[in-house]
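Structure, as structure tokens:
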Amino acid sequence: MVERKVQDGPSRVLLVDDHAVVRHGLALLINNERDLTVCGEASDAGSALKTAEKLQPDLVVVDIALGDTDGIELIKQMHARWPTTRVLALSMHSENLYAERALQAGANGYLMKEEAPQEFLRALRQILSGEVFVSRQLEKRWLQRMRSGSHNLDRTPVETLSDRELAVLQLIGDGHPSREIAESLHLSIKTVQSHQEHIKQKLELANATELVRFATLWVHRESGG
């Protein structure tokens with residue numbers, strides 16, 4: 001593990017998103033701040049790990065949905081390699097479903113892309129100060145759940161899926177066949193098929209056709225379609 005050097009000047013941010021337009025917009029926003037600067041960009045997990053190794057940023061902004069890459073798995077790998085590097089998970093997907101997973105993977109915060117630019121900057125600064133960032137709405141929901149002791153009672157069927165199962169569901173909904181899913185997640189086809197069986201059981205789906213239909217509708221809904 002490479003130790004991150006202490007340095008003067010603005011905090012250095014690495015942007016990881018598969019959409020160049022999104023990276024460009026975030027870079028303009030960050031570089032307009034005196035205490036923040038974008039030190040690099042990456043469009044997928046492989047280049048993100050290489051760039052982080054080379055640049056040693058203070059904070060990495062990771063899109064949960066990196067095309068065919070599992071953003072949660074990338075966060076796990078980054079946390080294992082550089083546990084002191086802070087990570088903000090940024091996504092269009094529901095925080096109710098992904099925020100807790102991202103934090104458990106090693107992220108220091110979760111923000112939905114629909115939030116205002118100032119909220120994004122607030123998240124960066126809060127995480128850089130050593131705190132954890134989630135929306136006030138999610139914070140309230142978690143507190144209510146803790147007080148009632150109903151940690152699992154209010155979970156939807158999709159929320160019961162493991163991180164890998166959720167990644168498989170996402171890729172199925174995006175139209176990828178089992179072989180492509182296996183290649184994207186670096187798994188065997190047999191393992192992918194096993195995940196598909198578990199998904200069908202947890203979501204009470206009768207067959208592969210129902211799984212594909214459910215996954216497609218779910219992805220469409222999650223993307224705001």
Side-chain angles (χ1 to χ4, degrees), residues 13-27 30 38-53 55 57-83 85-115 119-120 123-124 127 132-135 138 158-159 161-176 180-187 191-192 195 199 215 218-225:
V13 181
L14 170 63
L15 300 176
V16 184
D17 194 296
D18 59 332
H19 293 96
V21 172
V22 173
R23 297 198 307 273
H24 179 69
L26 293 177
I30 291 171
V38 172
C39 65
E41 299 180 15
S43 60
D44 55 51
S47 60
L49 292 171
K50 291 178 182 177
T51 305
E53 177 72 38
L55 300 178
D58 300 297
L59 187 151
V60 185
V61 177
V62 177
D63 182 12
I64 293 295
L66 287 172
D68 296 344
T69 306
D70 181 5
I72 294 292
E73 185 62 29
L74 173 59
I75 293 172
K76 289 179 181 178
Q77 293 181 34
M78 285 191 160
H79 184 65
R81 295 191 189 190
W82 310 289
T85 299
R86 298 178 174 91
V87 175
L88 170 64
L90 185 66
S91 180
M92 64 181 180
H93 295 298
S94 170
E95 60 186 4
N96 292 334
L97 181 60
Y98 279 95
E100 190 169 354
R101 294 172 190 271
L103 295 179
Q104 289 175 344
N108 304 90
Y110 188 95
L111 183 72
M112 293 183 66
K113 288 184 175 180
E114 65 186 34
E115 295 290 346
E119 190 70 357
F120 171 70
L124 295 184
I127 290 173
V132 173
F133 179 90
V134 294
S135 72
L138 186 60
V158 173
E159 288 180 273
L161 300 180
S162 69
D163 291 343
R164 274 300 193 200
E165 290 164 356
L166 191 60
V168 169
L169 182 69
Q170 175 76 41
L171 289 171
I172 292 172
D174 286 334
H176 298 281
E180 289 183 4
I181 294 174
E183 292 174 357
S184 296
L185 301 180
H186 305 290
L187 301 172
T191 299
V192 170
H195 284 317
I199 294 170
W218 178 76
V219 167
H220 183 69
R221 186 172 61 250
E222 283 289 305
S223 63

Next on the checklist: Between Ile75 and Val60, does the side-chain contact (heavy atoms from CB on, under 4.5 Å) criterion hold? Intermediate values first, please.
Outcome noted: CA-CA 9 Å; Ile75 293 172; Val60 185; over 6 Å; no

Next on the checklist: Go through it in stages, so that I can follow the logic: the residues are Glu119 and Leu111, the test is side-chain contact (heavy atoms from CB on, under 4.5 Å), and I'd like the CA-CA distance, side-chain angles, deciding distance and then a yes or no.
Outcome noted: CA-CA 9 Å; Glu119 190 70 357; Leu111 183 72; 3.9 Å; yes

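In this structure Ala42 satisfies the side chain to side chain contact (heavy atoms under 4.5 Å, CB included) test together with Val16, Ser47, Ala48, Thr51, sequence neighbours excluded. Under the rule for a ring-ring contact (aromatic ring centres under 6.0 Å, His included), the partners of Tyr98 that lie at least two apart in sequence or sit in another chain are His93. Scanning for salt bridge (Lys or Arg N to Asp or Glu O under 4.0 Å) contacts around Lys113 gives Asp17, Asp63, with sequence neighbours left out.
Note that the CG atom of Asp58 and the CD1 atom of Ile127 stand 12.5 Å from one another [nearest 0.5 Å]. In this structure, the separation between NE2 on His24 and CG on Leu15 is 12.0 Å, given to the nearest 0.5 Å. We find the CG-NE2 distance between Leu66 and His19 to be 10.0 Å, quoted to the nearest 0.5 Å. Put simply, CD on Glu53 and CH2 on Trp82 are 5.0 Å apart, with the number rounded to the nearest 0.5 Å. In this structure, CD1 in Ile64 is found 11.5 Å from CE in Met112, a value given to the nearest 0.5 Å. Taking CG of Leu169 as the reference point, atom OG of Ser162 lies at 10.5 Å (rounded to 0.5 Å).
Contact check for Arg164 versus Glu73: side-chain heavy atoms found under the 4.5 Å cut-off. Side-chain contact check for Phe120 versus Ile30: some heavy-atom pair is nearer than 4.5 Å. A 4.5 Å side-chain heavy-atom check between Lys76 and Asp163 finds at least one atom pair inside the cut-off. Under the 4.5 Å side-chain criterion, counting only non-hydrogen atoms from C-beta, Leu187 is in contact with His195. Side-chain contact between Asp44 and Asp18: absent, with no pair of heavy atoms (C-beta onward) separated by less than 4.5 Å. In this structure, the side chains of Leu166 and Leu97 come closer than 4.5 Å at one or more pairs of heavy atoms. Gln170 places a side-chain heavy atom less than 4.5 Å from the side chain of Val219. In this structure, the side chains of Leu185 and Thr191 stay at 4.5 Å or more apart for every pair of heavy atoms.
Distance alone, capped at 3.5 Å, places no donor-acceptor pair between the Asn108 side chain and the Leu88 backbone. No donor-acceptor distance shorter than 3.5 angstrom exists from the side chain of Arg86 to the backbone of Leu124, with no hydrogens or angles considered.
Counting all heavy atoms, side chain and backbone alike, His79 lies closest to Ala105 at CB-O, 3.7 Å. Closest of all the heavy-atom pairs between Leu171 and Ser184 is CD1-CB, 4.2 Å. Of all heavy-atom pairs spanning Thr85 and Pro57, the tightest one is CG2-O, 3.6 Å. Nearest heavy atoms, Leu161 versus Glu165: CA-OE1, 3.4 Å. When all heavy atoms of Ala99 and Leu138 are compared, the pair lying nearest together is CB-CD2, 3.3 Å. When all heavy atoms of Met78 and Leu49 are compared, the closest pair comes out as CG-CD2, 3.9 Å.
Glu95 and Ser135 share a donor-acceptor pair across their side chains, judged by distance under 3.5 Å alone.
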